Amino acid sequence: MKKIIPPITPLASLVYSVTQQIPRGRLSTYGAIAQAIGRPRAARAVGQALNRNPYWPVVPCQRVVGSTGQLTGFATGLNKKRQLLQQEGIVIKNNCVTDLARVFYQPHL
DNA sequence: CGTGTGACTCGGT
DNA sequence: GACCGAGCCACAC
């Protein structure tokens, strides 16, 4: 059986690298990651990279949320994402992180 | 090479 | 806080 090998782009590689460093119980935002890889305006590209993320759960993409704390995306189900975050002690309400103080990088503050 | 799309963000109303 | 529009980046076709 053939294994699908998603094309890993240089940008995606950087995204994984940064996302991978997010400690347990911490969060980050797409914009923050974009900034961390040197593309502060590439938040969308970051999202695409995570969407194609082949290294899971090596890359804790569940710890990446929107700048407003909104849980977005997650191909395997947003429901799963919420569960994983709660499992790390993060309080979530209505698909939104209520504790943005746990954000690793906080660009909006 | 132009167009469309997406797990985004910001500013104005 | 919500809605809308525009800017921005990378990728697939």
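Just so it is clear: chains get the letters A, B, ... in the order the sequence lines come, proteins before strands, and each one is counted from 1. Computed from a predicted model, the values in this text were never measured in an experiment.
Contacts of A/R102 classified as salt bridge (Lys or Arg N to Asp or Glu O under 4.0 Å), with partners at least two apart in sequence or in another chain: A/D99. Partners of A/Y16 according to the ring pair (Phe, Tyr, Trp, His ring centres under 6.0 Å) rule, which considers only residues two or more places apart in sequence or in another chain, are A/Y55.
Residue pairs meeting the salt bridge (Lys or Arg N to Asp or Glu O under 4.0 Å) criterion with at least one partner in residues 12-27 of chain A, sequence neighbours excluded, do not occur; the list is empty. Residue pairs that meet the salt bridge (Lys or Arg N to Asp or Glu O under 4.0 Å) test with at least one member in residues 72-97 of chain A, sequence neighbours left out, are A/R63-A/E88. Residue pairs meeting the salt bridge (Lys or Arg N to Asp or Glu O under 4.0 Å) criterion with at least one partner in residues 28-41 of chain A, sequence neighbours excluded, are absent.
For B/dC8, neither phosphate oxygen OP1 nor OP2 lies less than 4.0 angstrom from any side-chain nitrogen or oxygen of A/S67. Proximity of A/T29 to the phosphate of B/dC8: no side-chain N or O atom is located under 4.0 Å from OP1 or OP2.
The separation between A/N95 atom CG and B/dA7 atom C1' is 13 Å, rounded to whole Å. Taking atom CZ of residue A/R63 and atom C1' of nucleotide B/dA7, one finds them 17 Å apart after rounding to whole Å. Taking atom CG of A/N94 as the reference point, atom C1' of C/dG1 lies 13 Å away to the nearest angstrom. If you measure from atom CD of A/Q70 to atom P of C/dG1, you get 11 Å, rounded to the nearest angstrom.
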Under 4.0 Å protein heavy-atom contacts per nucleotide of nucleotides 5-10 of chain C, with B for base, S for backbone only and - for none: --BBBB
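By the criterion of side-chain heavy atoms lying less than 4.5 angstrom apart, applied directly or through intervening Ile, Leu, Val, Met, Phe, Trp or Tyr residues, A/L50 is grouped together with A/V58 in one hydrophobic cluster.
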